[in-house]
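What you see below is based on every heavy atom in this structure, not just the backbone, and it leaves out hydrogens, waters and symmetry mates. For ligands, and for the atoms within them, numbers begin at 1 and follow the listed sequence.
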Amino acid sequence: MSILKLLGMILFLLVSYVAIVVIFPPLNFPKNIPTIPFYVIFLPAIFPIDQTELYDIYIRESMEKYGAVKIFFGSRWNILVSRSEYLSQIFKDEDTFAKSGNQKKIPYSALAAYTGDNVISAHGKVWRDYRNAVTNGLQHFDDAPISKNAKIFCSLIKQRVQKGQFSIQMGPLSQRLALDNISQVALGFDFATLKQEKNALHEHLVRIKKQIFHPFFLTFPFLDLLPIPSRRRAFKDVSSFRELLVKKVQDQLINNYKFEQTTFAASDLIRAYNNEIIDYKQLSDNIVIILVAGHENPQLLFNTSLYLLAKYSNQWQKRLRQEVKGITDSKALAELPLLNAFIFEAVRLYPPLSTIINRCTTKACKLGADIVIPKNVYIGYNNFGSSHDPKNWGPTANDFEPDRWGSDIETIRKNWRLAKNRCTVTGFHGGRRACLGEKLALTEMRITLAEMLKQLEWSLDPEWGEKLTPAGPLCPLNLKLIFRENVQK
Ligand code: HEM
């Protein structure tokens, strides 16, 4: 056989193997749950379809009937779950359904190089060490910077309005707000992007985000193994950003003569490093994840909230504006029924992290009574599915109805707690691995939305094609709003 023929045969076998691995789930996957066709996940890259439409057309029926499906994502077959009993089981049984983030799933990717091994993705003792270090700073924080930043944010919008620029694309502006909030509240330094848009660290971050969250490389992360020049540059950029960030945090905190008294999450991480509980890489990984989780997720929820307030402006913007009138204290904002019910409904309707696939079975096990899952299978949660399932939320599951949470603050809070405990809203995850930033994120929402409602009025820009993001984090895609000053203060 000639060399050419042999090479042709090897190539044919390789392509057939890859095709089979992509098209069909592995033979040992459970047969009693449906398979979502492998191509579904690629559709948003080809057609103008958003992830909620994709869910409605291709996933919803199977998911609501069986509570779990087989789905191809991130170069492998996974099991995606939305039934609340199954989610509850997964959240409780950390040892069987062990967290296994990008550092384990795709360790060779630029994404893994960015976030490393951190408190969100680690498992076991390492996770406990990280969690011990960051909990206090994320639970007990000074919210004064959030109020100050909300005022600066409103003044930036007003400046544009006064110059005649009424239509504003919200993404970049919200990102600046979210970065300043998390850096000042949890990392002990000021990112300062609200004061100065063209700030070197911010520009660096914007550049690496474009590279890391590139939809093509997120779908085919194994390409990061190849010597593609743009990806090599991405790795270099990520590495220099991480160095700069950690140095900035360390310089700011250690040079602070009151370091021992500082209670930022980052100060406790540095103390854990000084006490040799974590090493330098672990310190860097966790500082980066606080920045990433601490600004990406609130920014998504904030944009979603602005979108819902614009879409239902006659009802909800007016009702909330009336409610927040004259209230400045953040504790008093936490007691307002309409504002809190509105935010909970925004999380329910559009959970910012709509799908997360980051657990892996450590042994063969059963999900519920009869779904047998082999060892080493990735399990994901479909947060969007659980909060849109009529079994959990009745016939209005898809509708925006903040009043469903109750009319007084005690009932609203109780229903929020119940929804989290029963896993009918999993937007902030649940169980022992529940989000550590929920309190901070909700405080940010209340303070900033209240300030905006007092100072501004807004509506959807009629030129904005109302769409949500096609994949990944869920929020309105390139949201554009029309602003005017609120003259009735
Ligand atoms: C609206 C805003 C937010 C949402 C929707 C959200 C959602 C989530 C979700 C779904 C998880 C579980 C992630 C997973 O399984 O991979 C999580 C974990 C976590 N979040 Fe948030 N998050 C938000 C804001 C924040 C903020 C502001 C911080 C502050 C740094 C933060 C810190 C964390 C941490 C440290 C964990 C890991 C908890 C653990 O595993 O022990 N989050 N969050």
Side-chain angles (χ1 to χ4, degrees), residues 81 87 90-91 94 97-105 111 115 117-141 143 145-146 174 177-188 264-266 268-269 285-305 343-344 346-360 378-384 386-387 420 423 425-449 472-475:
V81 178
L87 290 172
I90 294 170
F91 291 173
E94 265 278 303
F97 303 97
K99 278 269 184 128
S100 178
N102 294 319
Q103 86 284 15
K104 290 203 181 126
K105 197 161 56 163
L111 181 56
T115 50
D117 178 64
N118 58 64
V119 59
I120 297 188
S121 58
H123 175 68
K125 178 180 177 318
V126 180
W127 163 69
R128 279 193 293 279
D129 286 343
Y130 298 162
R131 179 127 177 158
N132 284 343
V134 297
T135 299
N136 185 49
L138 293 181
Q139 294 304 302
H140 308 285
F141 52 86
D143 59 29
I146 303 174
S174 312
L177 171 74
L179 280 169
D180 279 13
N181 279 345
I182 194 67
S183 60
Q184 292 168 30
V185 170
L187 296 175
F264 298 108
D268 287 339
L269 275 170
D285 290 347
N286 283 290
I287 285 179
V288 170
I289 204 64
I290 288 180
L291 181 81
V292 174
H295 90 274
E296 298 284 2
N297 302 337
Q299 172 195 338
L300 297 163
L301 180 58
F302 181 57
N303 283 335
T304 295
S305 303
I343 297 171
F344 295 157
V347 176
R348 187 193 71 83
L349 205 56
Y350 298 120
L353 301 174
S354 54
T355 302
I356 306 175
I357 305 182
N358 68 355
R359 288 191 185 242
C360 189
Y378 269 89
I379 312 283
Y381 4 104
N382 189 265
N383 297 326
F384 182 83
S386 46
S387 55
K420 289 192 295 178
C423 292
V425 164
T426 46
F428 283 103
H429 198 274
R432 285 195 305 151
R433 304 300 298 255
C435 173
L436 269 176
E438 176 183 328
K439 183 176 164 194
L440 169 52
L442 296 180
T443 307
E444 286 183 69
M445 295 308 123
R446 286 192 291 261
I447 292 179
T448 319
L449 291 175
L474 178 61
C475 72

Check: Of all residues at least two apart in sequence or in a different chain, which pass the ring-ring contact (aromatic ring centres under 6.0 Å, His included) check with Y130?
Finding: none
Checklist line | Y378: partners by ring-ring contact (aromatic ring centres under 6.0 Å, His included), with sequence neighbours left out | finding: none
Next item on the list: Decide yes or no for I343 and L449: does some side-chain heavy atom of the first lie under 4.5 Å from some side-chain heavy atom of the second?
Entry: yes
Note to self: Just so I know, are the side chains of N181 and L440 near enough to count as touching, which here means a heavy-atom distance under 4.5 Å?
What the structure shows: no
Notebook entry, point to check: Do the ring planes of F91 and Y381 sit parallel (below 30°), tilted (30 to 60°) or perpendicular (above 60°)?
Noted result: perpendicular
Would you mind writing out a table of all protein N or O atoms found under 3.5 Å from any N or O atom of ligand 1, naming both atoms and giving the distance to 0.1 Å?
from, atom 1, to, atom 2, distance (Å)
ligand 1, 15 (O), K99, NZ, 3.0
ligand 1, 15 (O), N358, ND2, 3.4
ligand 1, 15 (O), Y381, OH, 3.1
ligand 1, 16 (O), N358, ND2, 2.5
ligand 1, 22 (N), N297, ND2, 3.4
ligand 1, 40 (O), V119, O, 3.3
ligand 1, 40 (O), R433, NE, 2.7
ligand 1, 40 (O), R433, NH2, 3.2
ligand 1, 41 (O), W127, NE1, 2.8
ligand 1, 41 (O), R131, NH1, 2.6

Notebook entry, point to check: How would you list, by chain and number, every residue that makes a side-chain hydrogen bond (donor to acceptor under 3.5 Å, both in side chains) with R433, sequence neighbours excluded?
Noted result: E94
